[in-house]
Amino acid sequence: MRLRILIVDDDRLIRRSLALHLEDAGYEALAAGDAFEALKLLDEQAVHLILLDIAMPGMDGHDALRHIRQKTQAPVIFVTGRRRELDELVGLELGADDYVTKPFDIDILLARIKAVLRRSAALVAPHEEALVSVGDLRIDVHAHVARQHGRELELTPKEFDLLLYLAQNPGQVVSMQQMLDHVWGEGWIGEEQTVYVHIRWLRTKIEETPASPRRLITVRGIGYKLTPVETTEDAGAA
């Protein structure tokens, strides 16, 4: 079965060119001229990856991604002419898996697509344990849900992937490069600041006092580690 990729871009020539290159690379290509058409297509067909432009009329890529995430957890790569760091960070917060700026080399884009698809498949590989636990954290890999003391955490896809990777290495120090390679993919072109930002967001969701973390610990000069924490409820149940 060929993997299906949805192209969302208001430029007809770009849609056509990308579709031809994707078909030549062995993928099945779908195309939408705006976010509304894309959302309609997602109601009708499952896709394995989405190439999403940011600057579109009617509904831009950022707003579109919010609606897309209500329909599918398929990985999303922003394809845009905007180079501002703010756009990248906002996109990643919403759950984009990568960010490619125009003009781009098609071979580089295809390599990034392959890396994101490989990483996405690996995160839900059949051989993995379905449930991963670290202290009061419970992560259901296949349902893509994380809970703390039974309360579901509201995580973006990238936050979930990062938390899962740390939880699969409990108590171990994970370096910045390891996190970039395993969560963002080997060969990812970007700043380490992306990891810092996602760590900060995670702490606001799993720590009682994010400024004084007890679960997600910084190991200066090396990286981070996720450790179990016994809460008052845990102690009372013991």
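Numbering starts at 1 and runs along the sequence shown. None of the values given here were measured: they were computed from a predicted structure.
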Practice problem: Determine whether Tyr165 and Asn169 make a side-chain contact, defined as any pair of heavy atoms from C-beta on separated by less than 4.5 Å. | Solution: yes
Exercise. Decide whether Phe104 and Leu22 are clustered together by the hydrophobic rule: side chain heavy atoms of Ile, Leu, Val, Met, Phe, Trp, Tyr closer than 4.5 Å, transitively.
Key: yes
Self-check item: From CG (Leu41) to CD1 (Ile7), nearest 0.5 Å
Solution: 11.5 Å
Quiz prompt | Leu20: hydrophobic cluster co-members (side-chain, 4.5 Å) | solution = none
Practice problem: Assess whether side chain to side chain contact (heavy atoms under 4.5 Å, CB included) is satisfied between Thr156 and Arg69, documenting all intermediate values. | Solution: CA-CA 9 Å; Thr156 67; Arg69 283 292 172 240; over 6 Å; no
Self-check item: Test side chain to side chain contact (heavy atoms under 4.5 Å, CB included) applied to Gln168 and Leu164, step by step
Solution: CA-CA 6 Å; Gln168 289 171 329; Leu164 174 60; 3.7 Å; yes
Quiz item: When hydrophobic residues are tied together by side-chain contacts of less than 4.5 Å, even through go-betweens, does Tyr196 share a cluster with Val183?
Solution: yes
Self-check item: N-O pairing of Lys102 and Asp9 below 4.0 Å
Solution: yes
Quiz item: Would you call Arg118 and Asp97 a salt bridge, using N to O less than 4.0 angstrom?
Solution: no
Exercise. Find the distance between CD1 (Ile68) and CG (Asp63) and round it off to the nearest 0.5 Å.
Key: 11.0 Å
Practice problem: Sort out for me which residue in Val145, Leu202, Leu155, Leu153 forms a side chain to side chain contact (heavy atoms under 4.5 Å, CB included) with Phe160. | Solution: Leu155
Quiz item: So how far is it from Ile14 CD1 to Arg16 CZ, rounded to the nearest 0.5 Å?
Solution: 14.0 Å
Quiz prompt | Exam field: side chain Arg215 to backbone Ile206, donor-acceptor pair closer than 3.5 Å | solution = yes
Quiz item: Would a 4.5 Å heavy-atom cut-off, applied to side chains only, mark Val134 and Pro228 as touching?
Solution: yes
Self-check item: Within one Ile-Leu-Val-Met-Phe-Trp-Tyr cluster: Met179 and Ile222, side-chain cutoff 4.5 Å
Solution: no
What side-chain donor-acceptor pairs closer than 3.5 Å can you find for residues 23-31, not counting sequence neighbours?
| residue | atom | partner | partner atom | Å |
| --- | --- | --- | --- | --- |
| Glu23 | OE1 | Arg2 | NH1 | 2.9 |
| Glu23 | OE2 | Ala29 | N | 3.1 |
| Glu28 | OE2 | Arg4 | NE | 3.2 |

Exercise. Let me see the working for Leu49 and Leu3 under side chain to side chain contact (heavy atoms under 4.5 Å, CB included), right down to the final yes or no.
Key: CA-CA 8 Å; Leu49 183 140; Leu3 298 182; over 6 Å; no
Quiz item: In this structure, which one of Val8, Asp11, Asp10 forms a side chain to side chain contact (heavy atoms under 4.5 Å, CB included) with Asp53?
Solution: Asp10
Self-check item: Spacing of Arg138 atom CZ and Glu152 atom CD [to the nearest 0.5 Å]
Solution: 15.0 Å
Self-check item: Whether Phe78 and Tyr99 hold their rings parallel, tilted or perpendicular, with breakpoints at 30° and 60°
Solution: perpendicular
Quiz item: Do Leu18 and Ile106 come within less than 4.5 Å of each other through their side chains, counting heavy atoms only?
Solution: yes
Exercise. Report yes or no: do Val173 and Met176 belong to one cluster of Ile/Leu/Val/Met/Phe/Trp/Tyr joined by side chain heavy-atom distances under 4.5 Å?
Key: no
Practice problem: Tell me, please, which residues at least two apart from Asp43 pass salt bridge (charged side-chain N to carboxylate O under 4.0 Å, His left out). | Solution: Lys71
Quiz prompt | pair Ile50-Leu65: side-chain heavy atoms closer than 4.5 Å | solution = no
Exercise. Name all residues meeting the side chain to side chain donor-acceptor pair (under 3.5 Å) criterion together with Lys114; count only those two or more places apart in sequence or in a different chain, and write none if there are none.
Key: none
Exercise. Using the test side chain to side chain donor-acceptor pair (under 3.5 Å), find all partners of Gln178 that sit at least two apart in sequence or belong to another chain.
Key: Ser175
Quiz item: Got a sec, which residues hit side-chain contact (heavy atoms from CB on, under 4.5 Å) with Arg203, two or more places apart in sequence or on another chain?
Solution: Ile199, Glu207, Pro210, Pro213, Leu216, Thr218, Tyr224
Quiz item: Among all residues two or more places apart in sequence or in another chain, which pass the side chain to side chain donor-acceptor pair (under 3.5 Å) test with Gln177?
Solution: Asp181
Quiz item: Can you list the residues that meet the side-chain contact (heavy atoms from CB on, under 4.5 Å) rule with Lys40, with sequence neighbours excluded?
Solution: Glu44
Quiz prompt | Whether over 12 other heavy atoms sit under 6.0 Å from Arg12 CZ | solution = no
Self-check item: Closest contact, heavy atoms only, Gly171 versus Thr227
Solution: CA-CG2, 4.4 Å
Quiz item: Of all residues at least two apart in sequence or in a different chain, which pass the salt bridge (charged side-chain N to carboxylate O under 4.0 Å, His left out) check with Glu154?
Solution: none
Exercise. Could you walk me through whether Trp201 and Val197 pass side chain to side chain contact (heavy atoms under 4.5 Å, CB included), step by step?
Key: CA-CA 6 Å; Trp201 288 334; Val197 170; 3.2 Å; yes
Quiz item: Ile217: which other cluster members, linking ILVMFWY side chains closer than 4.5 Å, directly or transitively?
Solution: none
Quiz prompt | Those residues that, when tested against Ala74, pass side-chain contact (heavy atoms from CB on, under 4.5 Å) (two or more places apart) | solution = Val47, Thr72
Quiz item: Going from CG on Asp60 to CZ on Arg66, what distance comes out if it is rounded to the nearest 0.5 angstrom?
Solution: 8.0 Å
Exercise. State, to 0.1 Å, how close Val132 and Ala167 come at their nearest heavy-atom pair, and which atoms those are.
Key: CG1-O, 3.6 Å
Quiz prompt | Between NE2 on residue His182 and CG on residue Leu166, distance to nearest 0.5 Å | solution = 11.5 Å
Exercise. Please name all residues satisfying side-chain contact (heavy atoms from CB on, under 4.5 Å) with Phe36, sequence neighbours left out, ordered by chain then number.
Key: Asp34, Met59
